[in-house]
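Each chain gets a letter, A, B and so on, in the order its sequence line appears, and its residues count up from 1.
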Amino acid sequence: MFRLASEPARPCTKTTSGRGRRSKGRSSLAASFSPSGKGRSRRSPPGGSGGTPHSTLRKVCRSAPNQGGRSWNGGMVSSGMSHFPFVVSVLEDAPTSVYARGRKPDRSESPIPAGQRFMADAVVTRFAPSPTGFLHIGGARTALFNWLYARHAGGKMLLRIEDTDRERSTDAAIAAILDGLSWLGLEWDGEVIYQFTRADRHREVAESLLAAGHAYRCYATPAELDAMREAARAEGRPPRYDGRWRDRSPSEAPAGVKPVIRLKAPREGETVLDDKVQGQVRWPNKDLDDLVLLRSDGTPTYMLAVVVDDHDMGVTDIIRGDDHLTNAARQLHIYQALGWEAPAMAHIPLIHGPDGAKLSKRHGALGVDAYRAMGYMPQALRNYLVRLGWSHGDREFFSTQEMIEHFDLARVGRSPARFDFAKLESMNGHYIRASRDPDLVAALEATLPYLAGAERLPRGFDPPLRDKLLAAMPGLKERAKTLVELLDGAAFLFATRPLELDARAQGLLDAGGRAHLEGLLPRFAALSAWTATGTEATVRDYVGETKVKLGEVAQPLRAALTGRATSPGIFDVLEVLGRDESLARMQDQVSGPTASGERPSPSA
RNA sequence: GCGCCCAUCGUCUAGCGGUCUAGGACGUCGCCCUUUCACGGCGAAAACAGGGGUUCGAGUCCCCUUGGGCGCGCCA
């Protein structure tokens, strides 16, 4: 009756070890059922011929066979608890437990030939944001992990927009999420699924649960619920629904109250989740209440919707923020009632702000579009994000291919990470320096519409400017950590005469620099070929003859040519700017200001 | 309040009982390179939260404390 047609479930024999918890023993879990690719229980066992003797499989079923787990032993073998199809088992010291599929190796015991199961069992992950705001950095990382995991396994990542909250969901948010994912290069497979469109299906499932006796109508009013929670809190009990309508006859229903449908959740025993990141987590069922499946207006709640959708979409692995960890327990109850096998789950730690608290508006939480505007490149952001919580030895940099190749959930840590702009910036700088010049020009151009500080170039780059950009890029890119800085550093290329000088440049010129400009002007003008080596030779000659330091000449030159005190190597600047423009900019500083008034004598 | 999760340099992390007088990266500081600023090179300071166990041996296993975080809706 509860059997899933396609999945003749076979209860896992979960032996117990009283202490069970992995404590860093994630590794031990991983040892036998590596949650990542190959070692996963759902695949053929590593090195396993498939003909593994049954007895071995039973052991494999236990989670921590090595270290610390000495108390694991043959323990108990499950009995006929198969009325929970996907579930399981009997623990020596605890009643019925509910299992998510996670590391549970029961399928190795499935009657379905291993090979066949393997083939039909491609990984399907999903990213399921709710469109109530932009795609923030935490969501972006969740999406990245889902994407990486799916790609690594040769599976798919689906995208589902959880828009059942009609009040708060907006089209703008949906657009921002789609745009953010695309910019990050995280393509999803198939069509975007809008949860709200599936409300009928959700309702139908709720009704079926009702019909099967796994759910009931609850007529408690919001006021009643509030009172209930308050009382519980006052008594030091968890604020939970008390189940007052759980066994009441519908005939007692008060008139005029539209009921909600609640799940009849198990009250005894405990619910166990073998999370791929968190390890084994257990909750006493008495602490979990009868959640609402269908609201009084007939719309599904998130809890119901996720379960139904994940099931219908064929999701095999749920990777989401660990703020959903408690939800997992409740969702497991729904799977149980439905007789569906729960997907494997991985709850990844959240990203925190500098103060260690969950990233939120008060940290100035930003959408990924903001990172684009700040000039970070998607590949750099991806690399930074993947290293937040995941590691592969000492390695810091990964190409997309390498990320896909190496990514696995077993190496995802369980402690939250703080977002650090300095490191992101440094990584972005690495990516800029490592990029090919034409790619950088293209990236700059493509990002221009979003870039902060790009107002000066409303029409983008014209061909001559593009050429100059390309020519100057080697000197420009090693001075920029973001595209914004890159553009800013390139500003002298598209600045128009007479240049605006910043204070430091002005100072350089006022401090006697103009004299050197004047001295250089005729020598430059006499140059037959305008190249960096040519101008350098000229300047060095001048310096030699006048016995001044190179810096005393180079700096004023820089000020005149770029309007700033810093720039790429000055001879490269000279070359990129070209003879006419260079001489004109120098001339501007020698004679320009005087035209309009008395230049204060620098030496007086 | 209750439940769950977490805990190595300021930050991200390596470490999966002995090779740890704890490694890498960012940041910080110093030196070198140098026409500026960068880049690059070299070097330095900087951490196993505390307490109990287990063990011949613990950053690594267990427990407690402390400190953080998340959750507790007819929100998702």
Side-chain angles (χ1 to χ4, degrees), chain A residues 19 21 23-28 30-31 67-70 128-130 132 162-165 167-169 195 218 220 222 225 229 232-240 258 260-262 278 281-284 287-289 291-297 299 301-303 305-306 321-327 329 347 349-350 352 354 356-358 384 387-397 413-420 422-427 429 433 475 477-481 489 504 508 536 539 543 549-555 557-559 562 564-571:
Chain A
R19 40 208 293 135
R21 253 197 90 106
S23 77
K24 248 10 172 180
R26 170 177 35 144
S27 39
S28 60
Q67 52 167 341
R70 56 158 64 94
S130 73
T132 52
E162 311 223 315
D163 56 351
T164 51
D165 184 341
E167 298 292 299
R168 300 194 299 151
S169 297
Q195 192 160 59
C218 166
L225 261 18
R229 275 189 279 269
R233 211 174 276 254
E235 291 171 38
R237 288 182 292 112
R240 301 279 143 70
K258 289 201 135 196
V260 298
I261 293 182
R262 282 183 188 271
Q278 302 293 332
V281 185
R282 31 179 84 212
W283 296 264
D287 292 337
L288 271 13
D289 61 1
L291 64 275
V292 173
L293 298 169
L294 217 55
R295 302 188 186 100
S296 50
D297 66 0
T299 60
T301 60
Y302 160 78
M303 287 293 179
V306 220
D322 72 7
D323 49 341
H324 283 282
L325 193 55
T326 314
N327 291 336
H347 289 89
L350 266 19
H352 286 176
K358 182 177 173 178
Y384 175 70
R387 285 286 292 104
L388 236 42
W390 176 77
S391 63
H392 184 71
D394 276 349
R395 191 129 174 220
E396 297 283 349
F397 288 91
R414 280 186 256 123
S415 52
R418 301 188 188 198
F419 193 86
D420 181 14
K423 182 133 184 194
L424 202 213
E425 196 154 296
S426 158
M427 273 203 157
R433 270 171 270 134
K477 70 180 179 186
E478 64 184 30
R479 269 159 262 257
K481 295 228 183 342
R504 294 182 58 207
L508 251 14
E536 175 161 8
V539 171
V543 163
K549 286 197 206 155
L550 181 55
E552 292 178 56
V553 180
Q555 281 302 82
L557 203 44
R558 192 184 316 278
T562 69
R564 312 221 179 146
T566 68
S567 81
I570 196 61
F571 306 114

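Set against B:A14, B:U11, B:G73, the side chain of A:Ser391 has B:A14 as its closest nucleotide. Taking the side chain of A:Asp323 as heavy atoms from C-beta on, and the options B:A14, B:C12, B:C70, the nearest nucleotide is B:C70. For A:Tyr302, taking side-chain heavy atoms from C-beta onward, the closest of the listed nucleotides B:C6, B:A76, B:G71 is B:A76. Taking every side-chain heavy atom of A:Asp287 into account, B:G3 is the closest of B:C5, B:C12, B:G3. Nearest to the side chain of A:Val260, among B:C4, B:A25, B:C74, sits B:C74. In the set B:A76, B:C5, B:C70, B:A76 carries the atom at the smallest distance from any side-chain atom of A:Gln195. Comparing B:C72, B:U11, B:A76 against the side chain of A:Asn327 picks out B:A76 as the nearest. You'll find that the side chain of A:Pro222 is closest to B:C74, out of B:G71, B:C74, B:G23. When distances run from any side-chain atom of A:Arg240 to the nucleotides B:C6, B:C72, B:C5, the shortest one goes to B:C72. Comparing atom distances between the A:Arg262 side chain and each of B:A14, B:A76, B:C74 picks out B:C74 as nearest.
Side-chain N or O atoms of A:Arg433 include none that pairs as donor or acceptor with a backbone N or O of A:Ala480 at under 3.5 Å. With hydrogens and angles ignored, the 3.5 Å screen pairs no side-chain donor or acceptor of A:Ser391 with any backbone N or O of A:Gly393. Judged purely by atom type and a 3.5 angstrom limit, A:Thr301 has no side-chain atom pairing as donor or acceptor with the backbone of A:Leu294. Side-chain atoms of A:Gln555 come within 3.5 Å of backbone N or O of A:Ala565 as a donor-acceptor pair. For the pair A:Arg229 (side chain) and A:Ala232 (backbone), a donor-acceptor distance under 3.5 Å is absent.
Pairing partner, B:A7: B:U66, with both Watson-Crick or wobble hydrogen-bond distances short of 3.5 Å. The nucleotide B:U34 finds no pairing partner, because no Watson-Crick or G-U wobble arrangement with both distances shorter than 3.5 Å includes it. Within the shown strands, B:A44 is the pairing partner of B:U28 under the Watson-Crick or G-U definition, both distances less than 3.5 Å. Across all strands shown, B:C72 pairs with B:G1; the Watson-Crick or G-U wobble distances both stay below 3.5 Å. Base pairing of B:C56 is made with B:G18, judged by Watson-Crick or G-U wobble geometry with both donor-acceptor distances under 3.5 Å.
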For this session: Run the numbers on A:Asp297 and A:Lys258 for side chain to side chain contact (heavy atoms under 4.5 Å, CB included), then give the verdict.
Result: CA-CA 8 Å; A:Asp297 66 0; A:Lys258 289 201 135 196; over 6 Å; no

Exercise. Between A:Leu388 and A:Arg418, is a side chain to side chain contact (heavy atoms under 4.5 Å, CB included) present by the stated rule, with each step listed?
Worked result: CA-CA 8 Å; A:Leu388 236 42; A:Arg418 301 188 188 198; over 6 Å; no

Exercise. Can you list the steps and then say if A:Leu293 with A:Val260 is a side chain to side chain contact (heavy atoms under 4.5 Å, CB included)?
Worked result: CA-CA 7 Å; A:Leu293 298 169; A:Val260 298; over 6 Å; no

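In this structure, A:Arg387 places its CZ atom 11 Å from P of B:C12, rounding to the nearest Å. Between the C1' atom of B:G71 and the NE2 atom of A:His324 lies a distance of 11 Å, rounded to the nearest Å. Rounding to whole angstrom units, CZ of residue A:Arg418 and P of B:A7 are separated by 14 Å. Atom C1' of nucleotide B:A25 and atom CE of A:Met427 are separated by 8 Å, given to the nearest angstrom. Atom pair A:Arg414:CZ and B:A7:P shows a separation of 6 Å (rounding to whole Å applied). In this structure, A:Asp322 places its CG atom 13 Å from C1' of B:G68, rounding to the nearest Å. Distance A:Glu396 CD to B:G23 C1': 12 Å, rounded to the nearest Å. In this entry the distance linking NZ of A:Lys423 with C1' of B:C9 reads 13 Å, nearest Å.
Comparing B:C20 with B:G59, their C1' atoms sit 8 Å apart, to the nearest whole Å. Nucleotides B:G24 and B:G43 have their P atoms positioned 10 Å apart, rounded to a whole Å. B:A22 and B:A46 have their C1' atoms separated by 13 Å, with the value rounded to a whole Å. Rounded to whole Å, the separation between the P atoms of B:A45 and B:G30 comes to 15 Å. The same atom, C1', is picked in B:G50 and in B:C4; the two are 23 Å apart, to the nearest Å. Remark: the separation of the P atoms in B:C2 and B:C64 is 15 Å, to the nearest Å. Comparing the P positions of B:U28 and B:U66 gives an interatomic distance of 37 Å, to the nearest angstrom. The gap from the P atom of B:A7 to that of B:C48 amounts to 16 Å, rounded to the nearest Å.
Checked against a 6.0 Å centroid threshold, the rings of A:Tyr384 and A:Phe397 do not count as neighbours.
Annotation: side chain of A:Arg564 is not in contact with side chain of A:Arg504 (no heavy-atom distance under 4.5 Å). Counting heavy atoms from C-beta outward, A:Tyr302 and A:Glu162 have side chains that approach closer than 4.5 Å. For the pair A:Ile261/A:Val292, no side-chain contact is recorded, criterion being any heavy-atom separation below 4.5 Å from C-beta on.
Map A:Pro284 and A:Gly389 each onto its nearest nucleotide of RNA chain B; the residue landing nearer the 5' end is A:Pro284. Of the two residues contacting RNA chain B, namely A:Ala422 and A:Asp163, the nearest-nucleotide position lying further toward the 5' end is that of A:Ala422.
Using a 4.0 Å heavy-atom criterion, one finds that A:Ser169 contacts no nucleic acid atom at all. Looking at heavy-atom distances under 4.0 Å, A:Ala559 makes no contact with the nucleic acid at all. If you check every strand for non-hydrogen atoms under 4.0 Å, A:Leu350 touches sugar and phosphate atoms only. Residue A:Arg564 is out of contact with every strand shown, counting any heavy-atom pair closer than 4.0 Å. Residue contacts for A:Ser426: at a heavy-atom cut-off of 4.0 Å it reaches the sugar-phosphate backbone alone, with no base atom in range.
Not one side-chain nitrogen or oxygen of A:Thr132 sits closer than 4.0 Å to the OP1 or OP2 atom of B:A76. Here A:Thr326 does not reach the OP1 or OP2 of B:G3: none of its side-chain N or O atoms lies under 4.0 Å away. Listed pair A:Arg229 / B:C72 fails the phosphate criterion, with no side-chain N or O lying under 4.0 Å from OP1 or OP2.
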Distances under 3.5 Å only, N/O to N/O: pair up the protein atoms with those of nucleotides 44-47 of chain B.
none

Seminar exercise, completed: Nucleotide by nucleotide, nucleotides 30-39 of chain B touches protein heavy atoms under 4.0 Å in the pattern (B base, S sugar-phosphate only, - none) -----BBBBS

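To the nearest 0.5 Å, atom CG of residue A:Asp165 and atom CD of residue A:Gln195 are 11.0 Å apart.
Evaluation of the ring pair (Phe, Tyr, Trp, His ring centres under 6.0 Å) rule for A:Phe571 yields no partner, not counting sequence neighbours.
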